[in-house]
Amino acid sequence: MARIPVAAPDLAGSEKRYVLEALRSSWISSTGPFVDRFEREFAELCGTRTAVSVANGTAALHVALMALGAGPGDEVITPSLTYIATANAVRYVGAEPVFVDVDPATWGLDPARLEAAVTPRTKGIIAVHLYGHPADMDAINAVAAAHGLWVVEDAAEAHFARYKGRPVGGLGTIGTFSFYGNKVITSGEGGAITLNDPDLERRVRLLRGQGMDPERRYHFPIVGYNYRLTNVACALLCAQLERREEIIARRKRVFDAYRRQLKKIPGIGLQPVAPWAEPAPWLFCITVDEAAYGCSRDDLMAQLAEEEIETRPFFIPLHGLPPYRDASRRRGDRLPVTERLGATGMNLPTYGRMRRQDIKRVTEAVRRRAALAASPGGAR
Ligand SMILES: *Cc1c(COP(=O)(O)O)cnc(C)c1O
């Protein structure tokens, strides 16, 4: 039986044509019409004054933190249940990530737990819109405002998700996006920074472009970075944006089918959706309650792998990983929701061109494993 991958890009629109157009024009580096067009269109879609393309989502976070002035001795509040880039960017600038537990209703930072993590060193918060679901931004912004903190939205997994009707990326001080190959909109590698403040934009563009003074070529007022994105990558992104509604609608169909077919299986939990949220359909998430389902998340993943169905476990919580565990232990971080989700969550194959029979194959395999565990003498 053909292998079902966990993710696959949908490049069936103008992607090839635009990339060839970029090649033929010989604009293959980081200036060119597709760069300008992508930045203009992406800003508009995020409801921000501007969008700045960057090499990848990690570079977007790094530049955002530098532009906001985060540095040695500072603390930045982040979730522990996220991709490691969120915390690594904090370390790149010499600051320390302080982990706060996530809210079981959103899987994003729990606003009720933020206050207790704020110290005189705290400079800002990175809210992650995990697995496509927006964090509770109004509540997070309220805590930030009370303590004079900035807020970065890590929207790498949540392109065009909406919070109370407003698109993510423009809800905090700065938004960051990734266009890695498995994200909803992709250029293979790529990223963007969205923001409204013109001074911040100047700093972001300076840092991204090797620090070169825009008014004076080869004059460098600061040490910058080469974090630019190419016109070729932006050609891909322009094609993806043209079809964003179709791309999202196709993924939503996969989500709807999964929800329908999985909701009655005991022990299988689905991703919650807050009443104010319109999540982005990134990777479909389930949680496995071992007692109710009959086997563990890891056993289920192994079974699916045997049937040529690729899955991924949720992110291993960062406070347990070597770069962060000692500092987290010293602080005595308590993150029970993060730990439960990290141990029981997994992503099922999710891509727009997934066929109905492939979805069925996945959900039947999940159902069969439960039945097997429940049968007398069944595998545990
Ligand atoms: C993918 C991702 C990133 C990093 O993006 P890259 O483009 O791979 O550097 C950052 N944060 C989160 C939450 C992500 O999922």
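Any value given below was found using the heavy atoms of this structure, including those in side chains, with hydrogens, waters and symmetry copies removed. We're numbering straight along the sequence, starting at 1. What you see is a predicted model; the values in this text were computed from it and never measured. Read the numbers this way: they start at 1 and go in the same order the structure lists the ligands and their atoms.
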Starting from [atom], which protein heavy atom do you reach first, and at what distance in Å?
atom	value
atom 2 (C) of ligand 1	K183 NZ, 2.7 Å
atom 15 (O) of ligand 1	E157 OE2, 2.5 Å
atom 3 (C) of ligand 1	Y83 CD2, 3.5 Å
atom 9 (O) of ligand 1	T58 OG1, 2.5 Å

Is there at least one pair of N or O atoms, one from [X] and one from ligand 1, spaced under 3.5 Å apart?
X	value
L61	no
S178	yes
D154	yes

Contacting atoms of ligand 1, where contact means under 4.0 angstrom from a heavy atom of N56: 7 (O), 9 (O)

Atoms of ligand 1 close to T82 [distance to a heavy atom under 4.0 angstrom, numbered from 1]: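 It comes down to these atoms of ligand 1: 13 (C).
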
Which atom pair, heavy atoms only, marks the closest approach of [X] to [Y]?
X	Y	answer
L318	P79	CD1-O, 4.3 Å
D333	S328	OD2-OG, 2.7 Å
Y351	A8	CB-O, 3.5 Å

From Y163, W276, W107, residue fulfilling ring pair (Phe, Tyr, Trp, His ring centres under 6.0 Å) relative to H133: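 Among Y163, W276, W107, the one meeting ring pair (Phe, Tyr, Trp, His ring centres under 6.0 Å) with H133 is W276.
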
salt_bridge(R369, E307) N-O dist < 4.0 Å: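 Looking at E307 together with R369, the answer is no, because their closest N to O distance does not fall below 4.0 Å.
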
Among A85, A89, G181, A156, closest by any non-hydrogen atom to atom 12 (C) of ligand 1: A156

Side-chain donor/acceptor of E189 to backbone N/O of N56, under 3.5 Å: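 A pair under 3.5 Å: no.
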
Salt bridge (Lys or Arg N to Asp or Glu O under 4.0 Å), paired with D10, selected from R244, R243, R251: R243

